[in-house]
Amino acid sequence: MHTDGEYNLSADFEFRGTAKEFFGIWIVNLLLSILTLGIYSAWAKVRTKKYFYQNTYVAGRNFDYHATGKQILIARLIILVLVIASALLSIIPFLNIVLSLTLLMLIPYLLVKSLRFNAHMTSWSNVRFAFNGTTGSAALNYYLYPIIAILTWFTTWPFVARSVQRFHVNGHKFGQTPLYFDSPIKPFYTAMLAAFAWVLATVITLIVILQIFVAALTIIAAQMDSVAADTQLPFFVGGTFQIITILTIGIVPFGIIPAVAIYQAMLRNTVYNYTILGENHRFYSDISALSLLWIDMSNFVVVVLSLGLMLPWAHVRRASYLASHTTFVPGGPLDEFVGEITANVSAIGDAYGDIEGFDIGFAV
């Protein structure tokens, strides 16, 4: 990807999976999950993660995912029991308040547990990741800071987004080597404003189209004689509301979905480009917001038209694009980097993580 001297030691990420291979895994996962009333979905999640991790390579070495379906299922059953117990006890007013507050306090704790579990279950070149973030930091980033952003009419939201990324990245280690992220605030404001501009342009377009349709209907109705207008006006009024509904449903997603894609692409580039592994190992991402937008939108259309059967193809296509625009830039020869990381790994942490961690399925 890079030819200049700065990245002459770089190693591009590569996704080697295919839609045909993943379709076989996906369809079996789907059928078994349906037949077992969702029980097999825990194993389906593991199989899916394993496929994508094991087919993602950098410097000729692949990632891996080590969790088991049993671990995922046990965690889900625990959460299910807690939810059912909470629902049954919520009929008592006082307990309902207590349970709600308890749940609010538990969410940051469970989030950290999920991050810790997923990090420990992920490895590259047989070296596992780790997460050492705290529950207090999670509460600050997901409770206090967003409240401050709301009170400031979201003008400080980029600071929240940057803090959340610091929490996630800086809490991770690769073996015993820490990851560190920090960046100027400008890229976060740029991403937010770009997404907002797209949504605003979509809203303006929606208003203009609606005005054109309403004006056209008004002219048609005005050209009719009074008797015909009296009989036809309800039709036109109903048609107007139908048109407004159709346009709202059809155009708003073309504002929100692209805005999310633009924001994600710009945010991803910022996070990767300002992340350091150890003292001098870096990453580089050059995702194009418009390219990611095209992939997401065309994937959505194809999946809908295929009644979901092309979903595996969509996942593989997106993973391939993201990997092909991500680069690892070691601070020295790759062999020296791998040897350094491997030498610093502690086997004690691996044994503890297998017992201590669990996954609750947070989308983080």
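For this chain, numbers begin at 1 and follow the sequence in order. Predicted model only: the values in this text are computed from it and were never measured. These values consider heavy atoms only, across backbone and side chains, with no hydrogens, waters or symmetry-generated copies.
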ring-ring contact (aromatic ring centres under 6.0 Å, His included) between Phe283 and Phe181, worked out: CA-CA 11 Å; Phe283 300 88; Phe181 164 76; over 10 Å; no
Aromatic plane relationship, Phe131 with His168 - under 30° parallel, 30 to 60° tilted, over 60° perpendicular: tilted
Donor-acceptor pair, side chain of Lys49 and main chain of Tyr65, under 3.5 angstrom: no
Expected output: side-chain Tyr143 to main-chain Leu104 donor-acceptor under 3.5 Å: yes
Mutual orientation of the aromatic rings belonging to Trp124 and Phe174 [parallel < 30°, tilted 30-60°, perpendicular > 60°]: tilted
Over-ring placement of Arg16 relative to Tyr57, 6.0 Å and 45° cut-offs: yes
Close side-chain approach of Gln165 to Phe188, heavy-atom, < 4.5 Å: yes
Check: Arg318/Asn299 side-chain N/O donor and acceptor closer than 3.5 Å: no
Donor-acceptor contact present, side-chain Thr134 to main-chain Ser137, <3.5 Å: yes
Heavy-atom side-chain contact between Asp296 and Phe300 under 4.5 Å: no
Step-by-step side-chain hydrogen bond (donor to acceptor under 3.5 Å, both in side chains) determination, Ser41 to Arg76: CA-CA 10 Å; Ser41 63; Arg76 289 181 178 179; 2.8 Å; yes
Any donor-acceptor N or O pair under 3.5 Å, side chains Asp64, Ser123: no
Main-chain N/O of Thr155 paired with Tyr189 side-chain donor or acceptor, under 3.5 Å: yes
Under 3.5 Å: donor-acceptor pair, side chain of Gln264, backbone of Ala261: no
Co-membership, hydrophobic cluster, residues Val303 and Tyr321, 4.5 Å side-chain: no
CH2 on Trp26 to CZ on Phe23, rounded to 0.5 Å: 6.0 Å
Atom pair CG (Asn273) and CG (Asp286), whose distance is rounded to the nearest 0.5 Å: 8.0 Å
Beyond-backbone contact of Tyr180 with Val169, side-chain heavy atoms, under 4.5 angstrom: no
Leu30-Val302 co-clustered via ILVMFWY side chain contacts under 4.5 Å: no
Sub-6.0 Å ring centroid separation between His172 and Phe129: no
Side chain proximity check, Ser324 to Glu14, heavy atoms < 4.5 angstrom: no
Partner of Phe15 under ring-ring contact (aromatic ring centres under 6.0 Å, His included), chosen from Phe22, Phe52, Tyr53: Phe52
